[in-house]
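Data first, discussion second: the structure below is written as structure tokens.
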Amino acid sequence: MNYETVIGLEIHAEMLTHSKVFCTCTAEFGGEENTRVCPRCSGLPGTLPVFNQGAARLAVKAGLALGCTIHSYSAFDRKNYFYPDLPKAYQITQFTHPICTDGKVDIGSKVIRINRIHIEEDAGKLVHDDYENVSLADYNRCGVPLIEIVTEPDIRSAEEARAFVEQVALRLKYAGVCDAKMEQGSLRCDVNISIMPPGAAEFGTRTEIKNLNSLKSIVRAIEYEYSRQSELLDNGKKVIQQTLHFNENHGTTKPLRSKEEAHDYRYFPEPDIPPILLREEDIAEITASMPEMPADRLARYEKGYGLSEPDAKLLVSNKDLSDFYDAAVQIYPAYKPTASTVLVELLRRLNDAGAAVKDLKFTPADLARVVQLSEEGAVSKNAAKEILRFLFEQGGDPDAIAKEQGYIMDHDTSAVEAAVEEVLAANPKAVAEYKAGSQKVFGFLMGQMCKRLGKSANPQIIRQCLNDGLNKV
Ligand code: ADP
Ligand code: MG
Ligand code: ZN
């Protein structure tokens, strides 16, 4: 039987504050194990947390980016559980009073509702060493500020789930809240999934797949879990409400714990941290400081710059590339030629080299200059591509490269003018037709010119000289 899939997501995103959420340790990714810890974030008794207000600011930005209501009052709670990566044996989170609720994210085909966004602290990391048969605890990540974004169960397929996570990640990146590097764990996703006969009045029993760290895993885990649950129902069995782990290698899910053994977290209000109070003017100030969001940028590219929808979408979907493009067209506003240079030449080279925009050896100003040289006819389109290749491989100055490599086109027009005379003299009939109003023969005459001059000549200059020549006849 075919079932309808119902999915709700919980997305954990690490926020880009400099320091951790309740101490002054750096929140940056990486570092040698247990070097970015202090008595507070390693849970030593007697220490007191001090809330990093920058985390509240970023959480509000996340809420604004995802269409949420921002609450002037929110507060922290303790979620009690013991795990080796959580040295305090409780996590500070927001349970009864989250900072944001009731969001909306349009994924193109539909709108997914967000139930809540709350602030919490990240846990440390366990490194399992199967060889030595030990597990090692790294507390560097303890206390890195997180937001958890919880959706309503509005998602109906793996593709919708992927589109939603992509859209959320993009908006968080644009808002400067999170770098959304799933491979580094700065954005992770729990998938809640159930199935039901199409159109059923009630949702089925759900399972929760924990901690997926790539779009591909999200899609694979949903597909696997759909087939597992539908096989159970087809055989008259029941889905058990469970928390599952997705094994990347096998592409299968495995129970971590079931409802009966689920934790009772014994939430209670965190006594060591006062609530977060936001005045109306605080929220207004943060709202005013919001950078351009993807949808606005898309509109600017399509309506303002005349880019095609696919080009605009492709650019916007890659924020770093899009920022690079923006900086280049600020300097030389050739919107379409710059877009095609970036999307065809540059993107291809970046993909081939597996490189990131931040690794580029040249600046947006260099890109602008290459486009300008080409647009103004100083170098041919092919030469412009070559100059870009030079810049990509070793950097340098576009003008210097153009000169050294002999790409600057000969602007001495005497050879072109001589060719015009010859072509016009050899084709009196075409000239007469042109004079009688036939535009078509211009193309024929251009062809004759190019034949004589070869490929290196600049078509714009040929066109200009031919026009001049015809006007003189
Ligand atoms: P919990 O507190 O146990 O995590 P929530 O009610 O907060 O449960 O739901 C967690 C997530 O599960 C939410 O994203 C929600 O949309 C989703 N969810 C709830 N019920 C279902 C269901 N029957 N099928 C799929 N997802 C569900
Ligand atoms: Mg949950
Ligand atoms: Zn610390």
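It should be emphasised that the depicted structure is a prediction, and the values quoted were computed from it without experimental measurement. Every number for a ligand or one of its atoms is a count from 1 in the order of the listing.
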Degrees at the Zn ion (ligand 3) between the SG atom of Cys41 and the SG atom of Cys25, nearest 10°: 110°
Salt-bridge present (Lys403, Asp399; N to O < 4.0 Å): no
Salt-bridge test for Lys79 and Glu120: reply yes if a basic N is under 4.0 Å from a carboxylate O, no otherwise. no
I need the atoms of ligand 1 closer than 4.0 Å to a non-hydrogen atom of Glu152, numbered in the order shown. 16 (O)
Numbered atoms of ligand 1 (with element) below 4.0 Å of Thr151, judged on heavy atoms: 13 (C), 14 (O), 15 (C), 16 (O)
Using a strict 4.0 Å threshold on nitrogen-to-oxygen distance, state whether Asp366 and Lys361 make a salt bridge. no
Per-residue contact class, Asn192 against ligand 1 - non-hydrogen pairs under 4.0 Å: both
Check this for me, if you would: do Lys181 and Glu14 make a salt bridge, where the nitrogen-to-carboxylate-oxygen distance has to be below 4.0 angstrom? no
Please check whether Pro153 reaches ligand 1 - meaning an N/O of the residue sits under 3.5 Å from an N/O of the ligand, judged on distance alone. yes
Roughly how far, to the nearest 0.5 Å, is the CZ atom of Arg220 from the CZ atom of Phe246? 4.0 Å
Salt bridge between Glu225 and Arg228, side-chain N to carboxylate O under 4.0 Å? yes
Contacting atoms of ligand 1, where contact means under 4.0 angstrom from a heavy atom of Val6: 24 (N), 25 (C)
Can you check which of Glu202, Arg206, Glu10 brings a heavy atom nearest to atom 9 (O) of ligand 1? Arg206
Tyr265/Phe95 aromatic ring centres below 6.0 Å: no
Atoms in ligand 1 flagged as close to Gly204, the criterion being non-hydrogen separation under 4.0 Å: 23 (N)
Judging by distance only, is a nitrogen or oxygen of Glu208 under 3.5 angstrom from one on ligand 1? no
Within 6.0 Å of OH in Tyr83, more than 12 heavy atoms from elsewhere: no
Is ligand 1 under 4.0 Å from a heavy atom in the side chain of Asn115, in the backbone, in both, or in neither? neither
I need the atoms of ligand 1 closer than 4.0 Å to a non-hydrogen atom of Val150, numbered in the order shown. 13 (C), 14 (O)
